[in-house]
Amino acid sequence: MTQTFMEPGMSKTTDQKSNIARRSDRPVEPTIFEKDSPGLRAIDLPALDVPRSELPEDLLGKGPSWPAIGQLQVVRHYTHLSQRNFGLDGEFYPLGSCTMKYNPRINEWAASLPGFLHAHPLQNDRDIQGLLELVWNTQQFLAEIGGLPAVSCQPAAGAHGEYTALKVICAYFKDHGQSQRTVVLAPDTAHGTNPASCAMCGASVVAVKTTQGYTDIADLKRIIAEQGPDNIAAFMITNPNTAGLFDAEITKIAEVIHAIGALVYLDGANMNAVLGKTRPGDFGADAMHYNTHKTFSTPHGCGGPGWGPIAVADFLEPYLPTPRVIKNDDGSFSLSTDHPRSIGKVRSFIGQIGVAVRCYTYIRACGPDGLTNIAEQAVLNANYIAAKLCDVYEMPYFDAALGKFCAHEFVTVPRRLLDQGVSLLDIVKRLIDYGIHPPTMHWPVHDCLMAEPTETESLQVLDHFCDAMLAIAQEIESDPESIKNAPEDATICRADEVGAARKPVLVWPEG
Ligand SMILES: *Cc1c(COP(=O)(O)O)cnc(C)c1O
């Protein structure tokens, strides 16, 4: 992969800027293939104790040329690589909309209990009562937190939850003789997964204008009239939205949507900001998903083993995926597939149990007061930073003097700094030199940075972030060129991201 990356910046600065270990002094790690040490090997296979049989040569082929390498070398290789990764456990990671918060280690303890860790998906219900009870209890918690009574734990990520819930909504309309409802409305600040999930369900998406970050109700009504009220299936909204604002008109919007027989879908990615404060079911949502990795401190799915449970209103319950975890009259738990109107399976077995255990543990460890405290602290932290930076970094949706505060994240469009000839990329790359991960860029509006500190950071870290942002602004004022090679203190300074995506080098040796 080395060819797709530019060399680290040559200039070496002093340590004033950063209190983290200097990474640039270390050489680029050779690949494991370059560590070939003939004569060594990492494992000893047991002696052959079955009759030997020869496979045909053409079936075996030449085979890959694996490096000879010892076990300790393998461990060191991957340990070194992991130490060069930029992660939340090492540094501040204020990625807007993606809620990168600390995952307490008690979650790992619970998930590694043998009864959960070694459960087999084909085990008999009788033998996994504890596991089923945990999933059932988690469903109850999620129902209560969202104010929507029926929960499915099958979906594997937030985006997958959107898809599943939209399938449920489509099935509901089909069942009620309204399969013409295939138009979904979403604000123009919607996350990319919203239109993608609609497309996967065969629905078309129409963007509703936002004004000052909020859904423009007049535009919503105009689009409903234009598309035909009987063709609208749902309005999909993220609240608080991706501009970091809670749309207080949500109940009014829900009334407009319900009046035409359509449903309200709540993208729950930002639930961290409202836990214990308000519930989607109470402000008009008929269905929602949770991103447990954003709200309940579970590992991020990254397309892999994640979790995105959905919660829906009573009347949508019959359509939820199967198998469902149910509680029987005698107090036992079982997996039930006896739901004739269900949309069926959306993934294997009952979902990602390791993540479910972490989610359950976190909710139990926090308790109701702890969950409410999360929302309060997350919102306070974001407003604290916004208030300290807004004189230098313009914020279109934040004005403390006018009582315009943000929710859990804030957006800045630093026009004055960009006018000095630097790019957003230059600014965020310099943050890496201060041991801070770049915030989200160019979304939900062009030329913006969106930062979400979350509730888990200390005042010292928040202050360090503000100091770093202000120091970068000063650098730009005095010499914009000075940040063009940032970061100076990283193993890889500026990746050729387009090249890495378009021409990935996936084999060794190349070619
Ligand atoms: C993160 C996010 C999603 C997608 O969630 P995944 O769990 O990553 O699939 C959807 N909508 C919003 C607003 C998000 O921030």
Side-chain angles (χ1 to χ4, degrees), residues 88 93-101 103 142 146 152-167 184-201 205 207-208 210 213-215 234-247 250 264-275 280 285 287-311 346-347 351-352 354-356 358-359 378 382 397 406-411 439-445 448-454:
L88 183 91
Y93 209 130
L95 201 59
S97 187
C98 293
T99 318
M100 301 297 288
K101 64 178 180 180
N103 293 359
L142 296 179
S152 167
C153 290
Q154 273 215 350
H160 196 205
E162 292 168 24
Y163 167 81
T164 308
L166 285 167
K167 278 282 197 204
V184 176
L185 312 178
D188 56 18
T189 50
H191 192 267
T193 54
N194 291 182
S197 306
C198 293
M200 294 280 289
C201 288
V205 192
V208 178
T210 49
Y214 296 104
T215 303
F235 178 59
M236 256 182 137
I237 183 171
T238 311
N239 200 24
N241 63 24
T242 51
L245 303 172
F246 184 83
D247 203 329
I250 183 69
V264 175
Y265 181 83
L266 190 279
D267 176 329
N270 295 332
M271 282 301 287
N272 211 50
V274 294
L275 285 174
M288 67 173 293
H289 73 256
Y290 288 97
N291 307 66
T292 60
H293 50 273
K294 296 180 187 174
T295 310
F296 301 116
S297 79
T298 67
H300 198 294
C302 298
W307 217 37
I310 57 171
V346 293
R347 64 156 296 157
Q352 183 42 253
V355 180
R358 290 172 172 90
C359 174
Y397 313 120
C406 60
H408 57 295
E409 60 196 4
F410 64 86
V411 170
T440 300
M441 290 164 61
H442 294 298
W443 185 68
V445 290
C448 80
L449 293 177
M450 173 167 56
E452 178 179 7
T454 79

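Whatever order the structure lists them in is the order used to number ligands and atoms, beginning at 1. Position 1 is the first residue of the sequence, and the numbers go up from there. Worth knowing before you read on, the calculation uses all heavy atoms, side chains too, and leaves out hydrogens, waters and symmetry mates.
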| query | Under 3.5 Å, side chain of N241 to main-chain N/O of G213, donor-acceptor pair present? | reply | yes
| Do the non-hydrogen side-chain atoms of H289 and D267 ever get within less than 4.5 Å of each other? | yes
Below 3.5 Å only, please: the N or O atoms of ligand 1 paired with protein N or O atoms, distance on each line.
unit_1: ligand 1; atom_1: 5 (O); unit_2: N291; atom_2: ND2; d: 2.8
unit_1: ligand 1; atom_1: 7 (O); unit_2: G158; atom_2: N; d: 2.7
unit_1: ligand 1; atom_1: 7 (O); unit_2: N291; atom_2: ND2; d: 3.0
unit_1: ligand 1; atom_1: 7 (O); unit_2: H293; atom_2: NE2; d: 3.1
unit_1: ligand 1; atom_1: 9 (O); unit_2: G158; atom_2: N; d: 3.4
unit_1: ligand 1; atom_1: 9 (O); unit_2: A159; atom_2: N; d: 2.9
unit_1: ligand 1; atom_1: 11 (N); unit_2: D267; atom_2: OD1; d: 3.3
unit_1: ligand 1; atom_1: 11 (N); unit_2: D267; atom_2: OD2; d: 2.6
unit_1: ligand 1; atom_1: 15 (O); unit_2: S97; atom_2: O; d: 3.1
unit_1: ligand 1; atom_1: 15 (O); unit_2: S97; atom_2: OG; d: 2.6
unit_1: ligand 1; atom_1: 15 (O); unit_2: K294; atom_2: NZ; d: 2.7

| said: Holding to side-chain contact (heavy atoms from CB on, under 4.5 Å), I want the full list of residues that pass it with T215, two or more places apart in sequence or in another chain. | reply: P187, V208, F235, I237, D247, I253
| request: Taking the side chain as every heavy atom from C-beta outward, state whether T454 and M100 have any pair of such atoms under 4.5 Å apart. | output: no
| remark: Residues passing the ring-ring contact (aromatic ring centres under 6.0 Å, His included) test with F296, sequence neighbours excluded, are Y290
| said: According to ring-ring contact (aromatic ring centres under 6.0 Å, His included), who are the partners of Y397, at least two apart in sequence or on a separate chain? | reply: none
